[in-house]
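Heads up: the structure comes next, in structure tokens.
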Amino acid sequence: MKISIAHLGPVGTNAETAALAYVQWLSKETNSECTLCPYSTISQALEASATGLVDLSVVPVENSIEGSVTVTLDTLWKLDRLRIQHALVLPISHALISKAKSFNEIQKVYSHPQALAQCQLWLGQFIPSAVLIPANSTTESLDYIDDTSVAVISAPRAAQLYNLPVLAHPINDYPDNYTRFWILGKGVEELENVEIGDRPSSIKSITKSATKLILDASSSNCTHTSLAFSVPANMPGALVKPLQVFASRGINLSRIESRPTKRSLGEYIFFMDVEANACQALVRSALEELKLYTETLKIFGCYSVLV
Ligand SMILES: O=C(O)C(=O)Cc1ccccc1
């Protein structure tokens with residue numbers, strides 16, 4: 001079976017490395033043939049998988065130093081059809097790529113905002129006068145690299161692929177630097193419609209698709225459920241009740257993040273990662289109760305983390 005996978009491009013990004021790691025997992029588990037499709041932005045990669053232009057997208061969601069990749073959360077909230085199939089955690093290291101002879105020559109440093117932020121102390125120490133310029137990805141600005149006043153922060157793999165000189169590596173401020181990626185595809189069913197303990201058979205009844213193939217290979221060992229919700233009113237305790245739904249059942253949350261609704265200042269959408277399988281009766285009852293305390297509730301999926 002052929003599976004197309006969107007990721008942030010051009011070739012050599014960390015998202016592409018994550019996509020390649022996923023391809024390796026897929027080829028072992030499902031014997032499928034994969035094609036990688038680079039997109040200019042994270043939103044475009046997500047939209048391609050939501051509209052069916054590709055089967056899956058691989059996007060960064062959270063970094064251990066810089067926190068959430070907000071464009072991923074915001075786009076996912078907007079798009080209704082995507083479900084998380086898996087999570088994948090990768091170590092990230094950054095290299096300074098430049099044709100300059102020394103740091104003194106460098107006036108501009110381009111990269112993805114996450115990479116610039118993850119190297120800010122190093123840049124402040126070694127190239128304090130450089131202007132930092134955000135780009136759509138760590139490899140987008142490699143086109144400018146012939147200019148010796150330019151440096152680009154990319155993965156060392158990008159330097160190898162494009163045969164470019166590395167002036168310094170690693171330059172990330174913290175050696176323990178990890179990014180979590182989500183692999184998303186169109187959902188085969190709404191979680192609400194699945195009978196308890198019935199997930200694998202309900203999946204089998206769906207027409208053949210890449211999503212079915214992947215879920216067949218992994219549906220039994222989901223460990224995480226990710227969701228987001230808005231609350232009906234900005235009042236005392238609005239978030240306490242949603243939190244109690246999980247606490248009272250002894251269900252652990254591994255992440256909570258708020259993002260502005262973009263409707264009015266001070267109104268938020270709350271993103272949560274729940275350390276449990278949404279197919280378990282206990283979790284399903286928690287999600288049912290959660291509906292009572294939320295305005296809009298979106299369940300992004302129930303998945304396992306590949307290591
Ligand atoms: O631009 C990239 O290479 C990406 O995949 C986004 C990113 C940037 C920095 C760390 C992890 C992911």
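Basis for what follows: all heavy atoms, side chains included, without hydrogens, waters or symmetry-related copies. Counting convention: from 1, in listed order, for ligands and their atoms alike.
Near Thr13, meaning under 4.0 Å from one of its heavy atoms, ligand 1 places the atoms 2 (C), 3 (O), 5 (O). Near Ala15, the atoms of ligand 1 lying under 4.0 angstrom from a non-hydrogen atom of the residue are 4 (C), 5 (O). Remark: ligand 1 atoms within the under-4.0 Å shell around heavy atoms of Ser137 are 1 (O).
Summarising the contacts of atom 12 (C) of ligand 1 with Val69, Thr139, Leu116, Asn14, the nearest heavy atom is found in Asn14.
In terms of protein heavy-atom proximity, atom 3 (O) of ligand 1 is nearest to Thr138 OG1, 2.5 Å.
A donor-acceptor pair under 3.5 Å links the side-chain atoms of Glu16 to the main chain of Gly12, judged by distance alone. Looking only at distances, a side-chain donor or acceptor of Ser27 sits under 3.5 Å from a matching main-chain atom of Val23.
Residue contacts with ligand 1 for Leu8 involve side-chain atoms from C-beta outward but no N, CA, C or O (heavy atoms, distance under 4.0 Å). In Thr179, the part holding a heavy atom less than 4.0 Å from any atom of ligand 1 is the side chain.
No more than 12 heavy atoms of other residues, nucleotides or ligands sit less than 6.0 Å from atom CD of Gln24.
Residues Arg255 and Ser68 bring a donor and an acceptor atom of their side chains to less than 3.5 Å of each other.
Residues Trp122 and His94 keep their aromatic ring centres 6.0 Å or farther apart.
Cluster membership check: Leu132 does not share its hydrophobic cluster with Ile145, using side-chain heavy-atom separations under 4.5 Å among Ile, Leu, Val, Met, Phe, Trp and Tyr.
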